[in-house]
Amino acid sequence: MLRRATRLIFLLLLGILNDVARLSAQEIPHLDRATGSTQLIVGGKPFLILGGELGNSSAGTAAQADEILPRLARLHINTVLMPVAWEQVEPIEGKVDFTILDHWIEQARAQNLHLVLLWFGSWKNAVSSYTPEWVKKDPKRFARAVSSDGHPLDILSTFSKGNLNADTRAFQALMRHVKEFDSERQTVLMVQVENEVGILGSGRDHSAEADRLFSTPVPDALMQPLRAHRDRLSPELSRSWNEKGRNWQEAFGERASEVFMAWNYARYIGEVAAAGKKEYSLPLFLNAQLPAPFERAGEYPSGGPHPYFLEVYRAAAPTLDFFSPDIYWPNFEYWIERYNEQGNPVFVPEARLDSGPMNAFYAYGEARAFGFSPFAVDSIPDVPATLAAEKSPLAESFSIFEQLADILPQAQRDGRTRGLVLHVTSPRPTQTVSLAGYLFTATLARSWPERKILQDDGAMIVVQTGSDEFLIGGSALTVTVTKDVDLGDGIAGIESVEEGSRNGGQWKTERRLNGDQSNQGRNVSLPAHEFKLLRVKLYTIPQR
Ligand code: DGJ
């Protein structure tokens, strides 16, 4: 009797466990913001996006999917960021057609790739060139922003209900369709709503409606959250904010035009996003074109989700899950860290392809990004599958992260990762990161005996895997290890360095490095012109 009851309970528990497993496999992709770094959860598990964004004109036909996606899959990219153009999916008002997108989704599945969709709706790089013909040709219904000298711009106005309603309907249709077509398989992970928005020319729209609103009081819906979060405002916003100001100019001084536009873009995009999210609640985000050094608002798109105004965006567009930098300027570390604040998840949808293989080490290791995606990856020339990893720096670099993907998200969350990138032009020739009581000091690798720098850039990620054990991946660096005296006494030494690979969680040693390959045990060497993964064991002995 008792036995049968125990068996019954056991079967019941098994059933519940099965249900839990099935449900978590069916959970749609979402962000887990528990302490530490935010993670993207796919099929119930953290997923590290090894991304690549397509060129702007690469996703317009079905045939392009067949040619491009197999190539990208060979480069250790696991997620492709692809445009979905409003003009293409709704060429006739009210008649949406997602045939081409469906083919991309199917081809992505065949290549074991995921997709992030980029909604090129009302705006792409500030202007409205991806809007359908019926929008472009009807400026009465679909009002445009106006320049400071009174001319209509190629930029849809944020103040027009006609614009907002039409974009919202199209985006809703997209999200509804993706849900129907893909929620079972979950090939599509996230959606970017619009692309690099903002006003070009002067700092703000000068239409009659914009002028009128600019001289009215700043809405409480903005002032309240700014007051509530005054301790986390960016220096730029807090410096210019006068909470007693009666209109936008008084309230935000020299930043007034930008804050005004940020508020109005965010409200518009927030509404588009909310309508889409109601259909299918994938993570939604927006990217920013970052100011070049010394550029003024209007030279870069004014009112975009720049780090200065994220608080404005959060207040107006709470449905957007995060904001992302497109980093083309050399100070990669500065810009990524500006978005690594106030719980904003770190995801870089666009970055330079040439420096991408190195910057990836900083992004995943130091900024604890859940995704990083160089731009125009389809421009990488194809190579046979057997050679792909050796022939493309991006593939080589991503192959390191692919090997770490099962342990990296947890290590990011626990603070067990560090990363750095060095250039011949870096203001300091050496850089040091501290982890688990050790200091890892890197310099660019040099030849011996000439002592010439072998490669202009080097990078590494350090992941702590045991109390004195680390995986170090990267390229072109010489790393010395010392005790972090701020964290404890003793003298550090290198016990062993192995070069190898990880597969299915198992480490495989391919070479033990010593002698000339470790400068007689003095340092850890990441060779130039290739990317390597090393398992490094360290030890500490008392000082005397
Ligand atoms: C940033 C944009 O978001 C991309 O679509 C592309 O135009 C690049 N700039 C530049 O090639």
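Order of appearance sets the numbers: ligands from 1, and atoms from 1 within every ligand. Reckoned from all heavy atoms, side chains included, excluding hydrogens, waters and symmetry mates. We're numbering straight along the sequence, starting at 1.
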Practice problem: Could you tell me how the ring of F531 sits relative to the ring of F361: parallel (under 30°), tilted (30 to 60°) or perpendicular (over 60°)? | Solution: parallel
Exercise. May I ask you to check whether E53 has an N/O atom sitting below 3.5 Å from an N/O atom of ligand 1?
Key: no
Exercise. Would you mind checking which non-hydrogen protein atom is closest to atom 10 (C) of ligand 1, with the distance to 0.1 Å?
Key: F375 CE2, 4.1 Å
Quiz item: Atom CD in E254, atom CZ in R239: separation rounded to 0.5 Å?
Solution: 8.0 Å
Practice problem: Within a distance under 4.0 Å of any heavy atom of D326, pick out the atoms of ligand 1 and give their elements. | Solution: 3 (O)
Exercise. Provide the number and element of each atom of ligand 1 under 4.0 Å from a heavy atom of E196.
Key: 1 (C), 2 (C), 3 (O)
Exercise. Measure the distance from atom 9 (N) of ligand 1 to every protein heavy atom, then report the residue, atom name and distance (to 0.1 Å) of the closest one.
Key: E350 OE1, 3.6 Å
Self-check item: Distance-only side-chain donor-acceptor flag, N344 / E341, under 3.5 Å
Solution: no
Practice problem: Please write down residue, atom name and distance for the protein heavy atom closest to atom 5 (O) of ligand 1. | Solution: N56 ND2, 2.9 Å
Quiz item: Taking heavy atoms and a distance under 4.0 Å, where does K124 meet ligand 1: side chain, backbone, both or neither?
Solution: side chain
Self-check item: Donor-acceptor under 3.5 Å (N195 side chain, F120 main chain)
Solution: no
Quiz item: When the ring planes of Y364 and F401 are compared, do they come out parallel, tilted or perpendicular, using 30° and 60° as the limits?
Solution: tilted
Exercise. For D102 and H177, test the side chains for any donor-to-acceptor distance below 3.5 angstrom and give the result as yes or no.
Key: yes
